[in-house]
There are 2 protein chains.
Amino acid sequence: MPQLLREAGLRVTPQRALLLEILRDSEGHLDADEIYRRARHRHPRISLSTVYRTLSQLKDQGLVRELHFDEDHHHYELCDTGECKHYHLYCVDCGAVVEFESPLVSELTRQLAREYNFEIVDCRVTVSGHCSACRAKQRACEGESQ
Amino acid sequence: MPQLLREAGLRVTPQRALLLEILRDSEGHLDADEIYRRARHRHPRISLSTVYRTLSQLKDQGLVRELHFDEDHHHYELCDTGECKHYHLYCVDCGAVVEFESPLVSELTRQLAREYNFEIVDCRVTVSGHCSACRAKQRACEGESQ
DNA sequence: TTCATTGCAAACAGTTTGCACCTTC
DNA sequence: GAAGGTGCAAACTGTTTGCAATGAA
């Protein structure tokens, strides 16, 4: 983690290294508050401003991206390194997020770049709906009430 | 517009009809403030709360969707009616938004629904990058400075 | 020793809410 | 006439900023 920071031209501080580790070790998609909560376990005096400031710097350096699901705050995850990009399935009932990959998306971006003469920087695909667990639960409830 | 409101179970008020018209007549992707500004031309006493309240009700009724580009506020557009769904190309330089359609996206959602046993409600694809106008401008500047 | 980074408190922007009055049905 | 909608002002939430103290290089 420290070398990632150095490469990004940022000073290595315990706070920054810790936040990067939390992002790396998480299942992804944490929001600022959850990151803050986890950070305080190991560094009780860290402040929420540092969390926001660091996330924003990491975003500027292309290490982190900010996700918008249908909620009123952001989620953050480490950017994909290498070829393999991932996208998100979001359950509107329980809030669960599942990552997926698909060659269709890179095919799409290739087409768009050509057709619109766009230089593509990022592509986000968020598919929302009812996940299989919530659908099962829903069916169970319906069965009960009838 | 009034019948759209009635069908959604909402009372028909001049404010609501006006806001729906603004959304229909716009090129899409307006933010709350721009909608408010346009609404005041024809209905000077309308309030920003009414704009937010109405947008949120239209969203609940599935008539409007809230878009998150990489900005700190939302944009709104009328939902697609019928089969043809559209998605967005977003220019990170000038903020321009271009809509596109692609059969690849419906193929993708079909695959995902099957593979993850998801009941899909909505799919958002936002491709961001540098649009052709901004790329041209950028190249012109580079040419100048050398 | 220098300058970036931090924690704290205060500010901010976008959005939501409580309430008295008004409008639709 | 009852239920619901509106405008206004005040509240709220997530995020950002100013500043004095601290810590990395």
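Counting non-hydrogen atoms under 4.0 angstrom, Ser49(B) reaches a base of the nucleic acid. Among the heavy atoms of the strands lying under 4.0 Å from Pro14(B) are primed sugar atoms or P, OP1, OP2 only; no base atom is included. In this structure, Asp72(A) reaches the sugar-phosphate backbone alone: every heavy-atom distance under 4.0 Å involves primed, P, OP1 or OP2 atoms, never a base.
In this structure, Thr13(B) reaches the dT6(D) phosphate: one of its side-chain N or O atoms is under 4.0 Å from OP1 or OP2. Checking the phosphate oxygens (OP1, OP2) of dG7(D), a side-chain nitrogen or oxygen of Thr50(B) falls inside 4.0 Å. OP1 or OP2 of dG7(D) has at least one side-chain nitrogen or oxygen of Gln15(B) nearer than 4.0 Å.
Taking atom CZ of Arg16(B) as the reference point, atom P of dG5(D) lies 4 Å away to the nearest angstrom. The distance from atom CG of Leu5(A) to atom C1' of dA25(D) is 14 Å, rounded to the nearest whole Å. Regarding Leu30(A), its CG atom lies at a distance of 17 Å from the C1' atom of dG14(D), rounded to whole Å. The CD atom of Gln3(B) sits 17 Å away from the C1' atom of dC25(C) (whole-angstrom rounding). Per the geometry, CZ belonging to Arg53(B) stands 11 Å off P belonging to dG18(C), to the nearest Å. Atom C1' of nucleotide dG14(D) and atom CG of Asp70(A) are separated by 16 Å, given to the nearest angstrom. Computed from coordinates, the Leu18(A) CG to dT6(C) P distance equals 11 Å when rounded to whole Å. Here the P atom of nucleotide dA13(C) and the NE2 atom of His74(A) are 16 Å apart, to the nearest Å.
Glu34(B) and His29(B) are not linked by any side-chain donor-acceptor pair at a separation below 3.5 angstrom, with hydrogens and angles left out of the test. Looking only at atom types and distance, the side chain of Asp33(A) has no donor-acceptor partner in the side chain of His73(A) under 3.5 Å away. Residues Ser47(B) and Thr50(B) bring a donor and an acceptor atom of their side chains to less than 3.5 Å of each other.
The only option from His74(B), Glu77(B), His75(B) that meets the side chain to side chain donor-acceptor pair (under 3.5 Å) definition with Arg65(B) turns out to be Glu77(B).
Judged by closest nucleotide on DNA chain C, Leu48(A) is the one of Ser56(B) and Leu48(A) placed further toward the 5' end. Mapped onto DNA chain C by nearest heavy atom, Val12(B) and Val51(A) fall at different nucleotides, with Val51(A) at the one closer to the 5' end. Between Arg11(B) and His43(B), it is Arg11(B) whose nearest contact on DNA chain D lies nearer the 5' terminus.
Under a 3.5 Å cut-off, the side chain of Asp31(B) and the backbone N or O of Tyr76(B) do not form any donor-acceptor pair.
Distances were taken from every side-chain heavy atom of Thr54(B) (C-beta onward) to each of dT6(D), dT5(C), dG5(D); the shortest belongs to dT6(D).
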